[in-house]
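Report on the structure given below.
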Amino acid sequence: YPEAMSLQETLRTFNRCNASIQPSIRPLLADRMIDIQSTIEWSFKRKICWEMDKSFLEDYVTKLHNNVMSLHDQLGEIQDRASNVEELVQQLKTCSYSHSAFSEILTELQTVIDNMNLS
């Protein structure tokens, strides 16, 4: 069953992603998590089983796979940006006490945050 293998790998990927989400960025991924949970919930309501029409199963597995890969991609991107934010916050704690130093770091921090909003 190729659908079973694909579903198994999709669920493994989801579990890895879910385990690596830090609490501080979980709200930023809430939409992706809701999409995945809704897709899984839908399958339980439809009582999907292996004996169903093959194209129906393929469509379901593809939809779940796409949702999980969207989470995976967004997770990597958000983790990178959250790491940048942490670095900049640490720089703020140790920078020289001057307007230019604060301004430079805060401008860079604002750019990272603005890019998060555009994603």
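The residues of the chain are indexed from 1 along the displayed sequence. Computed from a predicted model, the values in this text were never measured in an experiment.
- Transitive grouping of hydrophobic side chains (ILVMFWY, heavy atoms separated by less than 4.5 Å) brings V68 and L28 into a common cluster.
- A heavy-atom distance below 4.5 Å is not found between the side chains of F14 and H65.
- Of all heavy-atom pairs between P27 and P23, the closest is CD-O, 3.5 Å.
- Atom-to-atom distance recorded for T111:OG1 and N84:CG is 11.0 Å, nearest 0.5 angstrom.
- For E104, the CD atom is loosely surrounded, since the number of other residues' heavy atoms within 6.0 Å does not exceed 12.
- Residues L92 and F102 come closest through the heavy atom pair CD2-CD2, 3.5 Å.
- Note that CD1 of I78 and OG of S83 are 13.5 Å apart. Values are rounded to the nearest 0.5 Å.
- Within 6.0 Å of CD in Q79 there are more than 12 heavy atoms belonging to other residues, nucleotides or ligands.
- Taken to the nearest 0.5 Å, the CD atom of E3 stands 10.0 Å off from the CG atom of D59.
- Contact between L88 and I105 at its shortest, heavy atoms only, is O-CG2, 3.5 Å.
- The cluster map of Ile, Leu, Val, Met, Phe, Trp and Tyr, joined by side-chain heavy atoms under 4.5 Å apart, puts F44 and Y60 in the same cluster.
- Here the closest non-hydrogen pair linking C17 and L75 is O-CD2, 3.6 Å.
- A donor-acceptor pair is defined here as one N or O able to donate and one able to accept, closer than 3.5 Å; such a pair exists between the side chain of R81 and the backbone of N115.
- Ion pairing between E86 and K93 fails under the 4.0 Å rule for side-chain N and carboxylate O.
- For the atom pair CG of L29 and CD of E77, the computed distance is 10.5 Å after rounding to the nearest 0.5 Å.
- Under the 4.5 Å side-chain heavy-atom criterion for grouping Ile, Leu, Val, Met, Phe, Trp and Tyr, L7 is connected to L57 within one hydrophobic cluster.
- Heavy atoms only, all atoms of each residue included: I21 and M33 are closest at CD1-SD, 4.2 Å.
- The main-chain N or O of E58 is found under 3.5 Å from a side-chain atom of T62 such that the two form a donor-acceptor pair.
- Here the closest heavy-atom approach between residue N67 and residue D35 is recorded as ND2-O, 3.6 Å.
- Ring-plane geometry between W42 and F56 is classed as tilted, the angle between the planes lying from 30 to 60 degrees on a 0 to 90 degree scale.
- Counting heavy atoms from C-beta on, the side chains of T13 and R16 come closer than 4.5 Å.
- S38 pairs with exactly one of I40, I36, I34 by the side chain to side chain contact (heavy atoms under 4.5 Å, CB included) rule, that one being I34.
- The distance from the CD1 atom of I113 to the CG atom of L106 is 9.0 Å, given to the nearest 0.5 Å.
- For the pair T107 (side chain) and S103 (backbone), a donor-acceptor distance under 3.5 Å is present.
- Residues that satisfy the salt bridge (charged side-chain N to carboxylate O under 4.0 Å, His left out) test with K45, not counting sequence neighbours, are E41.
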